[in-house]
There are 2 protein chains.
Amino acid sequence: MATGRTHRPATRSRGIPEATVARLPLYLRALTALSERSVPTVSSEELAAAAGVNSAKLRKDFSYLGSYGTRGVGYDVEYLVYQISRELGLTQDWPVVIVGIGNLGAALANYGGFASRGFRVAALIDADPNMAGKPVAGIPVQHTDDLERIIHDNDVSIGVIATPAGAAQQVCDRLVAAGVTSILNFAPTVLSVPDGVDVRKVDLSIELQILAFHEQRKAGEEAAGEPGAVAGNPEDPGQGPDGDVPAVMPA
Amino acid sequence: MATGRTHRPATRSRGIPEATVARLPLYLRALTALSERSVPTVSSEELAAAAGVNSAKLRKDFSYLGSYGTRGVGYDVEYLVYQISRELGLTQDWPVVIVGIGNLGAALANYGGFASRGFRVAALIDADPNMAGKPVAGIPVQHTDDLERIIHDNDVSIGVIATPAGAAQQVCDRLVAAGVTSILNFAPTVLSVPDGVDVRKVDLSIELQILAFHEQRKAGEEAAGEPGAVAGNPEDPGQGPDGDVPAVMPA
DNA sequence: ATGTCTTTGTGAACGCGTGCACAAAGATGG
DNA sequence: CCATCTTTGTGCACGCGTTCACAAAGACAT
């Protein structure tokens, strides 16, 4: 789960569970694909397979939105696309600013998935004066000094932070002070924000570490029955009673 | 959370819950920062604050690893860094290939967070013949034709997919066939993989959509008490008993 | 040694999310 | 109109994860 939220107890907005909300974009994507192929209706079984989830879960998810299906037939694709879009707030325009136009920021600016779903890159912001005015993805980069004005002029409420870790909290504070209430954070830092501000984080390094854990486990398991495994590290699961004292470990 | 796994029921490897595994990298990062400041010990309260979690949760997480704390004092920073690194499998070298060297792939190749944690970018692979040989982040890009050989020669078990959605499943199949057992997927598609292969996905668009949902909810809530809200869409939360009829009605 | 004080480690309760399994609803055919 | 068949919507039970609250463990001072 690359994603995590800041505290706040429940967040069950109007009864729609958080887990369901997280899956709605998945359903929406599958439905959009069906819509483009002019498929009129789809059963929970088919759609669930396309979205990679359990069909019962999908039906329960949709039940939170209302009863939009027809028994014996399935769901009307167009209708469902509309309902989910509306529920997610994608029927309106969301201006977004991206702060930190390095490799990642540029990649995000160029990412087509934003524009296609109601998100509009309203501005690119970077602290490097040399970047100012230079167009990235057809949008001229602006300097950090103008951050507050940009947020205000474009009525931005969603900000994307793609700066180095050291600058992230400071940028975050300025975004929030300027009125941003939702932040997507790519910097490897824990951001602290006041109540009422949502933060989601995407941490590439953490994802890889989680994969490494499972990878190691898999290697350890098959090494148990099969001595000469792939990437053999001889001492791992033995579990010495007190653990060996470390050498100085890398960062 | 931008992250999700493919099915598989439990995955509680040796008793360490999945949720705990996902937090270990977070603790590790905070501990590393402390270590660099030569802080010798840290209490669960302090560390939890730094990692942005509940202190009880942190203690329970650590309890799955063993009893590494000292009551009345706290945890030894260096020791804990080592233990978590070992648990996550970061004491060994993980060669990684990145497939799809577009904007995002290049950003990933340049991302410093990989190298610092035992992950080594073993190769960059792209389908564009014009890219072949061109260095990105100091590493020459290789052509997709050589994918299987590259995986094999470098004994790669972790692959990163940063291709367009259309190519992702095909690349995935080839990676898996070549021996990759863990995949980090940035393409906006649901990948299907055989049992035993772990997939984590990072989907930028989905993260934004989840933020938009909460943003809309916030706007709706404050609009209830305050008529002239920010981005006013006049008809949203009233919640007509049956929802308003969409443009196209189902049969 | 003994008492006090801090902090860990964990038992237990609670809530959320998941998946099964089935009844109700509607389509379809005769 | 009735029977049958398909597919939804959901009641229910179970398991995981979170949080509280506290006893046990050790440090430290006297």
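As the structure is a prediction and not an experimental result, all values here were calculated from the model. Just the heavy atoms: all of them, side chains too, but no hydrogens, waters or symmetry mates, feed the values below. Quick note on labels: first sequence line is chain A, next is B, and so on, each numbered from 1.
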Self-check item: Sugar-phosphate or base contact per nucleotide [nucleotides 5-12 of chain D; S, B, -; heavy atom under 4.0 Å]
Solution: -BBBBBBB
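- The NZ atom of K57(B) sits 17 Å away from the P atom of dA21(D) (whole-angstrom rounding).
- The heavy-atom pair separating V197(A) from K218(B) by the smallest distance is CA-NZ, 4.1 Å.
- Contact between the side-chain N/O atoms of N54(A) and the OP1/OP2 oxygens of dC20(C) is found at a separation under 4.0 Å.
- Defined by atom type and a distance below 3.5 Å, a donor-acceptor pair is missing between the side-chain atoms of E36(B) and T32(B).
- Side-chain contact between L65(A) and L24(A) is present, with at least one heavy-atom pair separated by less than 4.5 Å.
- With no hydrogens or angles considered, a side-chain donor-acceptor pair links D61(A) and T20(A) at under 3.5 Å.
- In this structure, the CD1 atom of I16(B) is 12 Å from the P atom of dG17(D), given to the nearest Å.
- The CG atom of L58(A) sits 15 Å away from the C1' atom of dG17(C) (whole-angstrom rounding).
- Atom pair E18(A):CD and dT18(C):C1' shows a separation of 16 Å (rounding to whole Å applied).
- Paired with F62(B) under the rule ring pair (Phe, Tyr, Trp, His ring centres under 6.0 Å), one option of Y27(B), Y68(B), Y79(B) passes, and it is Y27(B).
- The closest donor-acceptor contact from the side chain of Q169(A) to the backbone of S192(A) lies under 3.5 Å.
- Per the geometry, CG belonging to L65(B) stands 10 Å off P belonging to dG9(C), to the nearest Å.
- Considering every non-hydrogen atom in both I161(A) and L191(A), the closest pair reads CD1-CD1, 4.0 Å.
- Contact of the L26(B) side chain with the D203(A) side chain is not registered, since no non-hydrogen atoms from C-beta on lie closer than 4.5 Å.
- In this structure, S35(B) and L31(B) have side chains that are not in contact, with every pair of non-hydrogen atoms separated by 4.5 Å or more.
- Remark on the helix from dA1(C)-dT30(D) to dG30(C)-dC1(D): inter-end axis angle 10°, axes from five-pair C1' superpositions, rounded to 10°.
- Q209(B) places a side-chain heavy atom less than 4.5 Å from the side chain of L28(A).
- Only one option out of V171(A), L104(A), T189(A) pairs with T163(A) in a side chain to side chain contact (heavy atoms under 4.5 Å, CB included); it is V171(A).
- Taken residue by residue, residues 25-32 of chain A places no heavy atom nearer than 4.0 Å to DNA chain C.
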